[in-house]
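Worksheet: one structure, shown below.
Just so we're on the same page: letters track the sequence lines, and every chain starts at 1.
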Protein chains: 4
Amino acid sequence: MRADAQRNRDQIVAAAQIHFRESGFDVPMEEIARGAGVGVGTLYRRFPDRDSLIWATAQAVLRDLADMAETAWREEPDAWAALCRFLRGCAERRLGALASAIEPRLHASIQSDPELRSSRQTVSDLVERMTAAAKADGAMRPDVSPAEVGLLMTVRIYTPSDMSDDQAMRRVVDIVLDGLRTGREPDPRKATQARSGCR
Amino acid sequence: MRADAQRNRDQIVAAAQIHFRESGFDVPMEEIARGAGVGVGTLYRRFPDRDSLIWATAQAVLRDLADMAETAWREEPDAWAALCRFLRGCAERRLGALASAIEPRLHASIQSDPELRSSRQTVSDLVERMTAAAKADGAMRPDVSPAEVGLLMTVRIYTPSDMSDDQAMRRVVDIVLDGLRTGREPDPRKATQARSGCR
Amino acid sequence: MRADAQRNRDQIVAAAQIHFRESGFDVPMEEIARGAGVGVGTLYRRFPDRDSLIWATAQAVLRDLADMAETAWREEPDAWAALCRFLRGCAERRLGALASAIEPRLHASIQSDPELRSSRQTVSDLVERMTAAAKADGAMRPDVSPAEVGLLMTVRIYTPSDMSDDQAMRRVVDIVLDGLRTGREPDPRKATQARSGCR
Amino acid sequence: MRADAQRNRDQIVAAAQIHFRESGFDVPMEEIARGAGVGVGTLYRRFPDRDSLIWATAQAVLRDLADMAETAWREEPDAWAALCRFLRGCAERRLGALASAIEPRLHASIQSDPELRSSRQTVSDLVERMTAAAKADGAMRPDVSPAEVGLLMTVRIYTPSDMSDDQAMRRVVDIVLDGLRTGREPDPRKATQARSGCR
DNA sequence: TATGAATGAGTTTTCATTCAT
DNA sequence: GATGAATGAAAACTCATTCAT
């Protein structure tokens, strides 16, 4: 039954991630439970209160984020491309919404949790490395600090209903990335993918 | 006695704006009433339910936003400068937070309210005008649409506790504005105001 | 409406006293509210949680107990008679049940609350005075300390269903009082009232 | 494997006795199971519901009580001494707490269970015999009925935290026993054991 | 057979909204 | 008109009991 339990736990965290994103961190626990296909009791067995569930969600997201940063750094041909991929990944994950929601609730424990600490460290190390390398390559403006890149990781926008949230985020991140680059193509072609082609 | 009533109303809207910003749109009505120095009963006399209070808040903010846009357009020496001032004003007002919170609740009525409609129209007209003029002036990249500027109006970030929220927002908007500009200074000097100096 | 509210508050405390006595300190809050003829919300407005209601009950009981002790001391012809009346009053109020229930929950705050402190002081002063005087009169055994009388204040028993709880308590207290007296009637007549005639 | 099962059962009843005494009869089943070193499932295999566990606890206590009464009657030199020992034994076992808790829950079945019936019978027979003999010996007041002794079996008190529960109970029982005796030493010496020395 | 995971009914608690004063 | 008390529906949370492993 260990296998079952683990599967349930995973489903709960997955459902929580979805519901938190869709309906905010105040969604009824029962809805999350329903989304995970379990009873409330099961949810509460694993996560004694709402905060601990938010916590688990945050861990999952941060872990995933750290992975993503490492992959980007490893796979992309240069630092600037890695940074682009990383910031787009942050946007896709709606990092800003998560961070804003978590901070006021879990302030105290955020610093102390070793798991979280480690993921954060990984991420901030890589941001620093990517930033430095991209500047050294001459691809990125030298007057933007890693702390500022940290801010950009959490950019959010309001998406009007006649647009897809993902698409809107992508456009905004592209503009932001353009704000970070040094050169500017002599003839910037129209369109998202053109503008954000990282090299 | 009419004066009293009006003063109450204004205090309530002011308190609501503060509380909505600080604690989200789910803050207990009683807290808002306390913040306004009135009883809940009085609050409900003016605003029959939470939505109508959010509504009033939105109107106030939008009206203020439209004023701000007009002033920028009127007072700034060129379109690009006006656009900069306008987007910075949006950021200062945390427009993104307001919009995100209002939309899901008031979706239906948002289109129909004439007051809101008018402010929205003013704003979007001015955005279009500023964008077109800035492009014509050669100050702004031609491949960014007014709709994209609309997205940028609602940019939000998560501010870590070791930084002022206002300062962080300013930095991010500066980077965004840099993403919108055509030329890039050959030697961008360090510092926020230098980078984003609108001219 | 202050009058209404006060009446409601009193009714709630009264209902709580009854329900706590009848069904223990775990009775559903809703039942207490129903007993008081109010909604749960009203109950929670006055008493934010169960403990604060228990607390209020304890205050009421202790205040009443202090009054009772003072009345006994003032009205009875001698100290022994006052002590008898006092201990019977404690038994009638089921002081033991109350004390046992309150202690584990409210341990911390019990010492600090000034209201409670004052009633306790009144009671323990009077117990000491009654004990000393009754011994001086030769009515009470000299080898029983005030602290031991304090224990006797909280005597409880289990009453089988074929007997009235009050009657059973009275019999037991009579026996206890006999254990405290010095002399013994040469010819103790049968029956409760005979045995416990205080002089 | 039968031995295992029996050991489990015994551990559960033992743990139940402890937890019921410490935390009342509402203590979570899981806690009892943990105290017994088994899973809840095992507990429920032996005792289909909470009542049946209370039941088993009651049986164990009553059996033990009957043994104790018989031993006292057999070993003590006279009836009064036996009664003293018996009532002290009841106090030590906190019979009052057990009885109060069991009665409201198991009312219906209490009369019918043959095992319980038999222990009860043994006890009440012995109480009657001890009472009659002690009166005949002139050691006990003739105006106290066996039913009243039955009440005294369940005496409980609230023990303030600066005193041992056992010690407090002993003092109270001593006073009660003094209330039952005929003669009174002309010069009652101080101290618990002196006062209650049964002979 | 032992285990502990899952379930869901029952309680507690909160708060938007109504209403008596 | 203002006030804050009352209400009750909704959400959080607990735990007895069942059941899959």
Could you go through the side-chain contact (heavy atoms from CB on, under 4.5 Å) check for Leu98(C) and Tyr158(D) one step at a time?
CA-CA 9 Å; Leu98(C) 190 71; Tyr158(D) 164 69; over 6 Å; no
Could you walk me through whether Arg156(B) and Ser100(B) satisfy the side-chain contact (heavy atoms from CB on, under 4.5 Å) test, starting with their C-alpha distance in whole Å, then the side-chain angles of each, then the deciding distance to 0.1 Å, before giving a yes or no?
CA-CA 10 Å; Arg156(B) 285 201 273 178; Ser100(B) 307; 3.2 Å; yes
Run Ile32(D) and Phe20(D) through side-chain contact (heavy atoms from CB on, under 4.5 Å) and show every step you take.
CA-CA 9 Å; Ile32(D) 298 173; Phe20(D) 285 158; 3.7 Å; yes
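Considering only the side chain of Asn8(B), dA2(F) comes nearest among dA2(F), dT12(E), dT21(F). Closest to the side chain of Met29(D), out of dC15(E), dT18(E), dA16(F), is dA16(F). In this structure, the nucleotide among dG8(E), dA16(F), dT21(F) sitting nearest to the side chain of Pro28(D) is dA16(F). Of the candidates dT3(E), dT14(F), dA5(E), the closest approach to any side-chain atom of Tyr44(A) belongs to dT14(F).
Atom CZ in Phe25(B) sits about 14 Å away from atom P in dA16(E), given to the nearest Å. As a whole-Å value, the separation of Ile32(B) CD1 from dT17(E) C1' is 14 Å. As rounded to whole Å, 12 Å separates atom P of dA2(E) from atom CD of Gln6(D). If you take CG of Asp10(C) and P of dA6(F), they are 12 Å apart, rounded to a whole angstrom. Going from atom CD of Gln11(A) over to atom P of dA5(E) covers 16 Å, rounded to whole Å. In this structure, CZ of Arg9(D) is placed 13 Å from P of dA2(E), rounded to the nearest angstrom. Protein atom CZ of Arg7(D) is 14 Å distant from nucleotide atom C1' of dT1(E), rounded to whole Å.
In this structure, Arg7(B) does not pair ionically with Asp10(B), as no charged nitrogen and carboxylate oxygen lie closer than 4.0 Å.
Residue-environment remark: CZ (Arg63(D)) exceeds the threshold of 12 foreign heavy atoms within 6.0 Å.
With a 4.5 Å cut-off on side-chain heavy atoms, Thr154(B) and Thr159(A) do not count as touching.
Each of Asp26(A) and Leu43(C) was assigned the nucleotide of DNA chain F with the nearest heavy atom; the assignment lying further toward the 5' end belongs to Leu43(C). Mapping Gly37(A) and Glu30(B) onto DNA chain E via the closest heavy atom, the residue that lands nearer the 5' end is Gly37(A).
Between Thr42(C) and the phosphate of dA5(F), there is no side-chain N or O to OP1/OP2 separation shorter than 4.0 Å. Side-chain N/O atoms of Arg45(D) include one lying less than 4.0 angstrom from OP1 or OP2 on dA2(E).
For residues 27-52 of chain D, the set of pairs meeting the side chain to side chain donor-acceptor pair (under 3.5 Å) definition, not counting sequence neighbours, is empty.
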Secondary-structure string, 5' to 3', Watson-Crick or G-U under 3.5 Å, | for another-strand partners, for DNA chain F
.||||||||||||||||||||
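The side chain to side chain contact (heavy atoms under 4.5 Å, CB included) with Leu62(A) is formed by just one residue from the set Arg120(A), Glu115(A), Arg117(A); it is Arg120(A).
Val38(C) comes within 4.0 angstrom of sugar-phosphate atoms only, judged by non-hydrogen atoms across all strands, and of no base.
At least one donor-acceptor pair closer than 3.5 Å links the side chain of Arg21(B) to the backbone N or O of Arg93(B). Distance alone, capped at 3.5 Å, is enough to place a donor-acceptor pair between the Thr57(A) side chain and the Leu53(A) backbone.
Residues from residues 46-57 of chain D lying near DNA chain F, meaning a heavy-atom separation below 4.0 Å, are Asp49(D), Arg50(D) in numerical order.
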